[in-house]
Amino acid sequence: MEKLQQFILSTLDKDESISDTRRLALVADADIPPPSSAEGQQAIQGALSSLSSREMVTFETHEDVSYALKPEGEQIAREGSHEARVWAALPAKGKGTPLSAKEIIQVVGAESAKIGQGKAIKAKWIEKDGAGFVKATDKIQDTTQLDLQEIQSSGTVAAGEKVLSELKKRNLIVLRKSLWYTVHKGPQFSTSVQKPETDLTVDMLTSGAWKTSNFKKYNFEAEGAPTSSGALHPLLKVREEFRNIFLEMGFAEMPTSQYVESSFWNFDALFVPQQHPARESQDTFFISDPAAALPPPKAYYQSVATVHEKGGYGSLGYRAPWSTEESHKLVLRTHTTACSAQLLRKLATQPGGFKPAKLFSIDRVFRNEATDNTHLAEFHQVEGVIADHELTLPDLIGFLHTFFSKMGLKNLRFKPAYNPYTEPSMEIFAFHPALNKWVEIGNSGMFRPEMLEPMGFPKDVRVHGFGLSLERPTMIRYGISNIRTLVGHKVNVDWVENSAAVRF
Ligand code: PHE
């Protein structure tokens, strides 16, 4: 840097000005890259801005635009276009054996044959003759080769933009921008680079040197160094958006801060049969120590056991033996609906009787599943429940339209589904314009009377529920295809810090 600055100053001293920095005759020096190269340009620009900030020089910047050949372009400039090479390989009509497509590949190579054969036929340079091909004309003008040769020597073509953009599209040439500068002496010109003072010191003050010292000017244009700070993980940002939508729709947040639940709350209270496959160890993580939960409220427990075993409230029940041991097993909760169940029971039995409510939660759940690009053994669920007198299925559909349209998903479809705890149940699909397809975004339904009535809800109260994962919309929003980019030890902290704040 110093050397380059010194060189510029002595050139100015000798010649008064520099008309084109690309023509600076730099002494061969390992520290200074050639002035026509990209690094050279950068070094010169650095030296000039530093000298001009001290008013030792003034300079103007100029930009030159030219084209250069890419490797395939170079090959065509040398050997001709693919179509010309195919043409050259063939005999003239009636003057030799026509070549089959296979033989053309053998002569010009697969790449040239693939591209060149079709183009040569289209240009009427070659034609079919029996089972093979022959020349259709005895002279061709290979304009592609000629254009590329012209670009090679002059950086552009006389034929103009259309040809250039066609060659660019075919990936044969690239645009090169180069910067160069004209330089003049500035008001503070001198041949020696003096490092300006950056600090006023005690020594300068006592010796009086400050009166003649040359101080570095403040650069008010400089960008400050980025300050280090904490950053929200994308999952937390999307969670915040969901939370805001719930809050603006009048929902209250449920407490969900326990990962371990009893099978009673995770399954039984939700009328999930004790023989259901989801309750097996390949789907659910069971806790071994302690292995059993404290007993749930006795009367409620008894009515849940009865509705499973014998039915009630208009239901036949599962008519299968009830196991207390199964009910007490501790699990890592498989859905936040375990928390919703506890809140719903509170709602049904609260002092003063049932009052309509809208509740939501967003928290972590666990499933003992094989992991892949889109599944981990843990993820977050976004869940909402709405309890009111005489709610109907159209109420739920209408609500879901409003809820998801606040996330920008205005086009929904519903598909009948099965959950042990809801009837009817619906999978929710949304049309995703960027992916151009319908994607499943959630699950929903109306909780069954077998679940609600043992909790103590009045008979006319209906409860809607719906749930979705937090990871999926986050991945779609951030364009992530592998969930490990989002969660786990492979997460890149820079990516977390720099990921955009999300907007709907
Ligand atoms: N618990 C369901 C799930 O795991 C979501 C859901 C909640 C469905 C409430 C219906 C009602 O997908």
Side-chain angles (χ1 to χ4, degrees), residues 239 242 245-246 249 251-254 256 258-259 261-273 276-280 283-285 331-345 347-348 357-369 374-388 391-401 403-404 412-430 439-452 455 457 461-474:
R239 184 178 72 169
F242 275 114
I245 293 175
F246 276 118
M249 293 186 81
F251 280 74
E253 191 159 9
M254 296 185 258
T256 48
Q258 75 244 39
Y259 290 163
E261 287 286 357
S262 64
S263 290
F264 178 77
W265 284 114
N266 196 79
F267 298 121
D268 296 332
L270 295 169
F271 200 54
V272 178
H276 196 282
R279 299 178 70 147
E280 284 174 23
D283 291 306
T284 300
F285 291 110
V331 299
L332 286 181
R333 68 175 175 222
T334 62
H335 50 188
T336 44
T337 319
C339 305
S340 304
Q342 284 159 76
L343 263 287
L344 285 173
R345 167 152 158 87
L347 196 62
K358 297 195 260 189
L359 304 167
F360 79 97
S361 66
I362 307 173
D363 209 345
R364 192 173 294 210
V365 300
F366 307 85
R367 304 226 176 133
N368 193 2
E369 284 179 317
T374 51
H375 295 89
L376 291 181
E378 54 181 273
F379 63 98
H380 292 79
Q381 269 190 338
V382 179
E383 174 154 323
V385 297
I386 307 169
D388 205 344
L391 288 176
T392 63
L393 189 67
D395 291 330
L396 174 58
I397 292 176
F399 163 80
L400 292 171
H401 275 294
F403 180 85
F404 284 104
L412 297 188
R413 279 184 185 169
F414 301 94
K415 186 173 144 187
Y418 169 75
N419 296 312
Y421 37 91
T422 52
E423 181 61 37
S425 311
M426 305 183 297
E427 276 168 4
I428 312 161
F429 287 77
V439 291
E440 195 200 325
I441 51 167
N443 182 6
S444 66
M446 297 180 70
F447 287 114
R448 297 184 75 104
E450 292 96 326
M451 165 180 159
L452 298 180
M455 287 179 168
F457 278 103
V461 169
R462 303 282 176 273
V463 183
H464 292 152
F466 74 102
L468 61 144
S469 91
L470 180 63
E471 278 75 0
R472 191 164 185 157
T474 307

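As the structure lists them, so they are numbered: ligands from 1, and atoms in each ligand from 1. Please read all numbers here as calculations on a predicted model, not as lab measurements.
Residues meeting the salt bridge (charged side-chain N to carboxylate O under 4.0 Å, His left out) test with E471, sequence neighbours left out: none. Residues that satisfy the salt bridge (charged side-chain N to carboxylate O under 4.0 Å, His left out) test with E253, not counting sequence neighbours, are R243. Here R413 pairs with nothing under the salt bridge (charged side-chain N to carboxylate O under 4.0 Å, His left out) rule; sequence neighbours left out.
Shown are Q342, R333, H335; of these, the side-chain hydrogen bond (donor to acceptor under 3.5 Å, both in side chains) with E261 is made only by Q342.
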As a test of reading the model: which N/O atoms of the protein lie under 3.5 Å from N/O atoms of ligand 1, and at what distance?
unit_1   : atom_1 : unit_2 : atom_2 : d
ligand 1 : 1 (N)  : H335   : ND1    : 3.3
ligand 1 : 1 (N)  : T337   : OG1    : 2.8
ligand 1 : 1 (N)  : Y421   : OH     : 2.9
ligand 1 : 4 (O)  : R367   : NH2    : 3.1
ligand 1 : 4 (O)  : Q381   : NE2    : 2.9
ligand 1 : 12 (O) : N443   : ND2    : 3.4

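Ring pair F246/F403 is tilted by interplanar angle, where 30° to 60° counts as tilted.
With ring centers used as reference points, F271 lies 6.0 Å or more from H276.
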